[in-house]
2 protein chains.
Amino acid sequence: MVRERILACAVELFAANGYDATSVQQVVTRAGVTKGALYHYFAAKEDLLFEIYHSLLTDQLARLDAIVARGADPATTLREIIRSLAETTSENSRAVAVFSREASRLDEERWQTLRAEWRRYQDTVRGIIRDAQEAGVFAAYASPEVISWAIFGVNTSMPTWFRPDGPKKAVEIADELADFVLAGLRP
Amino acid sequence: MVRERILACAVELFAANGYDATSVQQVVTRAGVTKGALYHYFAAKEDLLFEIYHSLLTDQLARLDAIVARGADPATTLREIIRSLAETTSENSRAVAVFSREASRLDEERWQTLRAEWRRYQDTVRGIIRDAQEAGVFAAYASPEVISWAIFGVNTSMPTWFRPDGPKKAVEIADELADFVLAGLRP
DNA sequence: GTGTCAATTCCGACCGGTCGGTATGCCAGT
DNA sequence: ACTGGCATACCGACCGGTCGGAATTGACAC
């Protein structure tokens with residue numbers, strides 16, 4: 001309970017003010033505990049960042065695997081992936097904002113762990129696009145790398161412009177993006 | 001001369017270690033001067049960030065205006081804009097990385113100034129897409145907002161994956177992206 | 001060419017304050 | 001009696017920024 005509250009407050013503060021600009025004292029004050037409690041559950045401030053990233057990536061990878069496991073055609077699969085990204089991003093917008101901004105703040109070991117997870121996500125998406133292109137189901141105006149970066153780029157930038165109370169819901173944006181991407185992939 | 005050297009070193013260090021994690025002392029040490037010199041040219045550490053952003057945005061806006069002034073058809077104009085973005089991003093990759101990461105580190109006044117410049121860039125691109133969509137020259141699978149974010153997203157994420165010594169030059173990536181985007185906009 | 005003086009450019013010691021992290025111990029539950 | 005779950009008090013390091021003054025430069029008179 002305390003552990004979760006500390007993490008939740010850390011996400012909010014890191015998203016609002018940045019990792020370095022947020023002091024451990026601010027985190028524990030907002031969580032209603034003291035530094036003793038924080039350092040009881042976490043060995044270092046960096047572990048807060050790591051946990052935030054790790055749980056986000058774990059969640060996204062689980063969704064991705066579930067989508068791929070359904071074995072639908074490439075267009076449907078890609079649309080589902082884009083939807084899944086938009087959903088997790090809109091639900092965890094602060095964590096995604098922290099993730100895209102403070103990516104290199106971790107030490108080498110922790111960073112490599114997360115990088116491997118993120119790589120798996122990338123490679124899966126690219127594999128789907130590449131296979132479909134080679135099968136002639138998708139057009140190949142652009143490489144899987146550039147296409148995937150266009151998709152990921154929209155998502156990482158979402159926290160800067162997406163407003164949950166705005167006119168468009170996350171899933172609508174996702175479908176717009178999917179329509180556009182799939183139009184660009186139509187043979 | 002000294003001023004420029006300080007700025008150049010600041011960009012490198014901010015890109016490598018982040019704004020907050022970089023001390024003024026590190027900047028001046030790398031530049032081969034002392035803190036007195038830095039605070040002779042800049043009123044505060046924040047001004048280093050502001051100058052980095054401002055010169056980058058000024059450059060990009062000038063290129064954008066030049067492209068629009070040529071008055072070519074929407075597809076050509078959009079391709080030129082994408083090329084221009086990829087070029088400036090690859091040439092100033094560290095500055096772009098800092099820009100996308102430390103965007104909210106400035107105080108309100110300086111931030112508003114830059115935000116207005118960036119808004120002008122966004123609105124110009126969106127206007128081109130919207131006008132062409134309304135004229136039936138571009139398809140409207142997605143809104144100008146989502147399409148422009150796809151374009152900008154690729155650029156802001158470029159510093160994380162683009163390697164100048166890699167197999168693809170920046171202009172090739174730009175053309176790939178332009179081909180893909182224009183395919184998605186074909187009526 | 002040379003001396004003069006003022007402005008510009010820069011030095012580096014120093015300051016108040018904050019930071020991440022630690023040492024110690026209280027206390028409720030078992 | 002012992003342990004997990006915290007609070008409190010504190011530390012050394014370091015930070016952004018200041019300040020008095022030392023060099024360096026440039027304009028101008030002679």
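Only heavy atoms go into these numbers, but all of them, side chains included; no hydrogens, no water, no symmetry mates. Within every chain, numbering begins at 1; the chains are lettered A, B, ... in the order of the sequence lines, protein sequences first and strands thereafter.
For the salt bridge (charged side-chain N to carboxylate O under 4.0 Å, His left out) test, residues two or more places apart in sequence or in another chain that qualify with A/Arg70 are A/Glu80. For the side-chain contact (heavy atoms from CB on, under 4.5 Å) test, no residue two or more places apart in sequence or in another chain qualifies with B/Glu4. B/Val98 pairs by the side-chain contact (heavy atoms from CB on, under 4.5 Å) definition with B/Phe14, B/Ala15, B/Leu49, B/Tyr53, B/Glu102, not counting sequence neighbours. By the salt bridge (charged side-chain N to carboxylate O under 4.0 Å, His left out) test, B/Asp123 pairs with no residue at all, sequence neighbours left out. Under the side-chain contact (heavy atoms from CB on, under 4.5 Å) criterion, B/Thr77 pairs with B/Ile67, B/Ala72, B/Ile81, B/Ile128, sequence neighbours left out. Under the rule for a side-chain contact (heavy atoms from CB on, under 4.5 Å), the partners of B/Ala174 that lie at least two apart in sequence or sit in another chain are B/Ile82, B/Arg83, B/Ala86. Applying the salt bridge (charged side-chain N to carboxylate O under 4.0 Å, His left out) rule to A/Arg186 yields no partners; only residues at least two apart in sequence or on another chain are considered.
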Contact letters for nucleotides 22-30 of chain C, in which S counts primed atoms plus P, OP1 and OP2 and B counts the base, heavy atoms under 4.0 Å: B--------
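Under the 30°/60° scheme for interplanar angles, the aromatic rings of A/Phe99 and A/Trp118 are found to stand perpendicular. The aromatic rings of B/Phe50 and B/His54 lie parallel to each other, with less than 30° between the two planes, well short of the 60° mark.
In the 5' to 3' direction, nucleotides of DNA chain D lying under 4.0 Å from heavy atoms of chain A begin and end at D/dG5 to D/dT8.
Near DNA chain D, meaning a heavy atom under 4.0 Å away, the residues from residues 21-34 of chain B are B/Thr22, B/Ser23, B/Val24.
Screening residues 131-148 of chain A for salt bridge (charged side-chain N to carboxylate O under 4.0 Å, His left out), with sequence neighbours left out, gives A/Arg130-A/Glu145.
From B/Leu182, atom CG reaches atom OG1 of B/Thr76 across 8.5 Å, with rounding to the nearest 0.5 Å.
There is no side-chain donor-acceptor pair under 3.5 Å between A/Ser148 and A/Gln122.
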Atom pairs, protein N/O to nucleotides 6-9 of chain C N/O, distance under 3.5 Å:
{"residue": "C/dT9", "atom": "OP2", "partner": "B/His40", "partner atom": "NE2", "Å": "3.3"}

